[in-house]
Amino acid sequence: MNSILSDRINQMEESATLAMAKKARELKAQGIDIISLSLGEPDFKTPKHIQEAAKASIDEGKYFAYPPVAGYQDLREAIAKKLKDDNQISEAKAENIVVSTGAKHSIANVFMCMINEGDEVVIFSPYWVSYAEIIKLAGGVPVLIQGNLENNFKATAAQLEEALTDKTKAIIYSSPCNPTGSVFSKEELEAIAAVVKRRENLFVIADEIYELINFTGKHASIASFPGMFERTITVNGFSKGYAMTGWRVGYICAPVFIAKACEKMQGQFTSGGTGIAQRAALAAILGDQNPSKKMEEAYLKRRDLVLGLLRDIPGVKTHVPEGAFYFFPDVTAFYGKSVEGYTVKSADDICLYLLEKANVSLVTGEAFGAPDCVRLSYAASEEDLIEALKRMKNALSQLK
Ligand code: PMP
Ligand code: GLU
């Protein structure tokens, strides 16, 4: 049947994060006691006032029709104001904002609008799984620049400079980063901005979806730097900071010509995001920010808990993540070790082994551009985290 399907879909990798989450769900359904630390999804409920706003908007009865393709005007204005107030992106106006069905969709719009066949996009790696596949779908070529454990997985401005060719159209990074939890400082981003500004027609896609889960207390938006607004597409959304993954609302702030292109694109693909979900997003942005702060505090507490437990497992090497809700430990110390005739050769093998032996699901680093690591999401209860790490320690200690 594959020959009936397009080359486009046959060549696409399945999302490794979603695939692992599906596998964990299936095993759970069979009655196996799986602890899933694979999906990057808050385990908190969407704050009550946001839920109430969505209910009220249904009762109002005004939001059942197709919304404007780029999003409701009041939501776009509120996002622009937030970007000015919180992110110092002083040029942001409603006309720069396009609201989409999640940040993933925002990113897809941007690449579909900007990439021609053969254009290169530099990805700061380790990177979130979907970037490379979306770039390829749009006809582009992902070019990876690699950070490693020693420099907290942060590729540098110098590496960027070296990777640029006359085909480079854009660069993309996430900060705080999925999968590493690393956060670019203002100085690191300034160095990246300086490289970008030396080149004509080079654009930055700054994925700031984990902005509200940042333990450094400092979030820098590259679009706020002098001369960078016209070069930057800031991507953000509600999934992580407001625990709203299922509502599917994300957005970009971009130069008007890019915003208009994305509006045209989604005018043909989705007709824009769900009306009720946009009313919920408006309440999230305008309402009490305390629930998000509380969630951030809880993630920090869990980060410290998991850090202690991971450091207690001989062979596991980790840095200290500064944001998001992931650990990205290196597992090379286990390569070549065996148990019951099974020899571990890769991080993929470690993930499979831990799934079968410890009933803990993680995602292999391979999917994130770092094949010697595994990703562990600590967006889970402390109880589950303690149990999962106990099981992992036990299973890994059996490898000799
Ligand atoms: N960017 C990053 C780095 C992510 O981890 C995610 C997680 N889903 C997204 C974008 C997309 O978020 P969403 O589509 O749920 O808004
Ligand atoms: N971003 C989350 C993750 O990395 C959710 C799944 C996805 O959209 O890939 O696990």
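For ligands, and for the atoms within them, numbers begin at 1 and follow the listed sequence.
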F325 and Y299 aromatic ring geometry - parallel, tilted or perpendicular at 30°/60° bounds: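 Y299 and F325: tilted rings.
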Among all protein heavy atoms, pick the one closest to [atom] and tell me residue, atom and distance.
| atom | answer |
| --- | --- |
| atom 1 (N) of ligand 2 | K240 NZ, 3.2 Å |
| atom 5 (C) of ligand 2 | G40 O, 3.6 Å |
| atom 6 (C) of ligand 1 | W128 CZ2, 3.6 Å |
| atom 7 (C) of ligand 1 | K240 NZ, 2.8 Å |

Report, in ascending order of atom number, the atoms of ligand 1 lying under 4.0 Å from any heavy atom of [X].
| X | value |
| --- | --- |
| D207 | 1 (N), 2 (C), 3 (C), 10 (C) |
| R248 | 13 (P), 14 (O), 15 (O) |
| N178 | 3 (C), 4 (C), 5 (O) |
| S239 | 13 (P), 15 (O), 16 (O) |
| G102 | 14 (O), 16 (O) |

N or O contact, A103 vs ligand 1, cut-off under 3.5 Å: yes
Where Y131 and S174 come nearest, the two heavy atoms and their spacing: OH-CB, 3.3 Å
Using a heavy-atom cut-off of under 4.0 Å, does the side chain or the backbone of [X] touch ligand 2, or both, or neither?
| X | value |
| --- | --- |
| L18 | side chain |
| T17 | side chain |
| M20 | neither |
| V363 | neither |

[X] bridged to [Y] by N-O distance under 4.0 Å:
| X | Y | result |
| --- | --- | --- |
| K301 | E297 | no |
| K293 | E296 | no |
| E387 | K390 | yes |

same_hphob_cluster(V360, F327) at 4.5 Å side-chain heavy-atom cutoff: yes
Side chain, backbone, both or neither: the part of Y210 lying under 4.0 Å from ligand 1 by heavy atom: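 Near ligand 1, Y210 shows its side chain, while the N, CA, C and O stay back.
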Y72 six-ring centre to R279 NZ/CZ under 6.0 Å and within 45° of normal: yes
Residue pair E340 / K357, side-chain heavy-atom distance below 4.5 Å: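 Yes. Closest side-chain heavy atoms under 4.5 Å.
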Side chain proximity check, S106 to V98, heavy atoms < 4.5 angstrom: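 S106 vs V98: side chains apart.
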Does at least one non-hydrogen atom of [X] fall below 4.0 angstrom from an atom of ligand 1?
| X | value |
| --- | --- |
| H105 | no |
| T245 | no |
| G250 | no |
| E41 | no |

Enumerated ligand 2 atoms positioned under 4.0 Å from heavy atoms of K104: 7 (C), 8 (O), 9 (O)
Donor on one side chain, acceptor on other, S292 and Q289, under 3.5 Å: no
Donor on one side chain, acceptor on other, E77 and Q73, under 3.5 Å: yes
Any donor-acceptor pair under 3.5 Å from T46 side chain to A243 backbone: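 Flag set: sc T46 to bb A243 pair under 3.5 Å.
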